[in-house]
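For the numbers below, each heavy atom of this structure counts, side chains included, while hydrogens, waters and symmetry mates do not. All chains are named by letter (A, B, ...) in the order of the sequence lines, taking the proteins before the strands, and each is independently numbered beginning at 1.
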Number of protein chains: 2
Amino acid sequence: MSTINIQILADTLNISKSTVSKALRDSHEISKETKKKVKELAAKMNYSPNPYASSLRKKKSRTIAVVMPEIADSFFSLAINGIQSVAEKKGYHVLIYLSHEKYTNEKKILGEVRNGRVDGILISISKETKNEEPIDKILAAGVPVVFFDRELESVHTASVTTNDYECGYVAAKLLLQKGCRRLLFISHSASLPICKKREAGFRMALLDAGCPEKKGQVIYGTDNEKSNYQLIKKSLAAKQRPDAILASVEKIAIQVYIAAQELGLKIPEELKVLAFSNLETAPILNPSLTTVTQPAFEIGKSAATILFKGIEKKHFRLENERVIIPSVLIERRSTSI
Amino acid sequence: MSTINIQILADTLNISKSTVSKALRDSHEISKETKKKVKELAAKMNYSPNPYASSLRKKKSRTIAVVMPEIADSFFSLAINGIQSVAEKKGYHVLIYLSHEKYTNEKKILGEVRNGRVDGILISISKETKNEEPIDKILAAGVPVVFFDRELESVHTASVTTNDYECGYVAAKLLLQKGCRRLLFISHSASLPICKKREAGFRMALLDAGCPEKKGQVIYGTDNEKSNYQLIKKSLAAKQRPDAILASVEKIAIQVYIAAQELGLKIPEELKVLAFSNLETAPILNPSLTTVTQPAFEIGKSAATILFKGIEKKHFRLENERVIIPSVLIERRSTSI
DNA sequence: TTACATTACGAAACCGGTTTCGTAAATAAA
DNA sequence: TTTATTTACGAAACCGGTTTCGTAATGTAA
């Protein structure tokens, strides 16, 4: 903790601390000579004002919070990159919180950022989250909130998402076009809006193609990679095994590859695979993976941009901002005929 | 910004704010009944104390900063995970800063966390960083700093790294054992200690194997993926092309795969590849990639643990802490004979 | 009954800035 | 020359907590 403060500067120069404060922030009330003296001394003494003292008085923290389920995931790291790029330009600091997909963690986190710690919040909700109360409390406290990717639809605030329904539809359609008939959608959540939309698109594509609804055409993974692996392996080892898998997230796709490899199932000949994924390695997988690639960086960037509007413009109506940035389907070998 | 503060609680209950403050923190000076009243009202009003007011008085922010070159990289996201897991348990908040491999960015960031904003700093330096001044200033201000992965050796403080020299040696040795003779080490920096150590280990293995030192056996990549791709492609297209590549970082390995694919060079038959990498997809690449896998999570966890010792124990001597957590060589198909 | 200790609380200082407001001195306008 | 205005600065309040210290009321020991 630096022991040098504005009072020391003032005493050293035999002026008042108000003068120092104003001089450092280029107030018109202060003469050029005084400003020069003050700034030189400040530089010499490596003085930098305590941000919390300033925050207390100004009621602005110049800090935002990013609340996410996890970080070791291509989508989320790219999204943070996008968020950070905007925050950096604006001169804001970024606090990172991980819910680890638990509602209770998320609730606790949200309780800790409701009290002036941050000027705004970007959040991608946990799988478990259904209750809007923690977020509503934040909004009630006047702190702007923007959802990115995973939203809670019942909360009236801005969101930046991608066209999940369409992507689910298009992905399933591609698999159908490639001649697959026993499609399996492996989702990482039965309740998250993004997953439900992808699932709905998937189901609709099957209906449109005249495929009868079958039970077991959608299964739900967990957060545990091993149990997902078991689940997938079991499903791929069944007599009536799927001939195509659509994975809702990259972590599941990886387990599908491993399970298929383990079982000696050839992709794409015996099993086609398509995944929602931001894996940089998709083009060099064995075989290269067809993906629905989300604009992760742009989602982060756009969400942050909207958040800053909400922070800086008092009468900006966040709840009217519902941005949808389309994902891109990139065909690769894992779905070739 | 929540408008409800300790004064409002006090007024509502017709007691003083000192009593409220003490009651909320279970001071022995306050009677059970008063504590109960205060806590109930606080809960009812969703009161949560302003952390910056508290920080100002206590001279503790319960916040740490993590300064890294980038975040969209498996190593760094896993490291953050490790850091976060410790911070969470300790009840600390985590600020994330990205230097984007630029010294000037890093310097600016370090200037902004020297003033009470954080109680400690975890840093992995940028490629460009050679000057210890910004970090020394922080240490001089009494803020503990711990390096993780990328350290600045001239600064006297704690560091958590991996056994880079040995890994460089072992990796090269493996490639030699597989019959390769024209090894190429592609490094992402000529100056970073971790890269220099890996390179030194690599060179030593070649010497020990009686391979004459050749120029061009080590080349240096940039931060730009396209230019790395060009560099690699050029090198692989040369007459005397390498028969094995050791990549110092996963981003480079990916470009090697893409370039080899583009040139129709078969891995591992015509080119063996080994990379320092934390890619989750290493086992399912085409072909699966032999890696030196760094204990990213553990490095983050260990660095954070040491940092908190430095924060909490006044007389803990950080400069004596030099932890080295070994990496693991995992053989896969990309180096098979 | 007196002296001393304990309990429970409030007033005020404090952390380190920012902001408001008052004012002396210098300058401009009348 | 007098009055109005501008310039440049300082004193003090303020942000919202925490902490120190003083003290009235009650309890306990001598």
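An end-to-end axis angle of 50° holds for the helix from dT1(C)-dA30(D) to dA30(C)-dT1(D), taken from five base pairs per end and rounded to 10°.
Of the N and O atoms on the side chains of Ser154(B) and Glu132(B), at least one donor lies less than 3.5 Å from an acceptor on the other residue.
Within a 6.0 Å sphere centred on CZ of Arg322(B), other residues, nucleotides and ligands contribute more than 12 heavy atoms. Heavy-atom neighbours of Lys107(B) NZ from other residues, nucleotides or ligands within 6.0 Å: at or below the threshold of 12.
Between the CD1 atom in Ile15(B) and the CD1 atom in Ile30(B) there is a gap of 7.5 Å [rounded to 0.5 Å]. Interatomic distance, NZ of Lys301(B) versus NZ of Lys89(B), reported as 5.5 Å (0.5 Å rounding).
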Can you pull every protein N or O that's under 3.5 Å from an N or O on nucleotides 4-6 of chain C?
none

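To the nearest angstrom, P of dC14(C) lies 12 Å from CD of Gln7(A). Atoms CG (Asn5(A)) and P (dC15(C)) sit 9 Å apart, rounded to a whole Å. Nucleotide dC14(C) holds its P atom 17 Å from the CG atom of Leu56(A), rounded to whole Å.
Minimum atom distance to the side chain of Ser21(A) is reached by dT19(C), of the listed dT19(C), dT20(D), dG17(D). Distance from the side chain of Lys22(A) is smallest to dC21(C) among dC15(C), dT18(D), dC21(C).
Scanning all heavy atoms of the two residues, the minimum distance from Gly111(B) to Ser48(A) falls at O-OG, 3.8 Å. The two residues Gln84(B) and Ile96(A) make their nearest non-hydrogen contact at NE2-O, 3.3 Å. Val66(B) and Met68(B) get closest at one heavy-atom pair: CG1-CG, 3.7 Å.
Listed by first then second residue, pairs satisfying ring-ring contact (aromatic ring centres under 6.0 Å, His included) with a partner in residues 29-79 of chain B read Tyr52(A)-Tyr52(B), not counting sequence neighbours. Within the structure, ring-ring contact (aromatic ring centres under 6.0 Å, His included) pairs that include any residue of residues 95-143 of chain A comprise Tyr97(A)-His93(B) (at least two apart or interchain).
Contacts of residues 10-19 of chain A with DNA chain C (heavy atom under 4.0 Å): Lys17(A), Ser18(A). DNA chain D is contacted by Glu29(A), Ile30(A), Ser31(A), Thr34(A) of residues 24-34 of chain A, taking any non-hydrogen atom closer than 4.0 Å.
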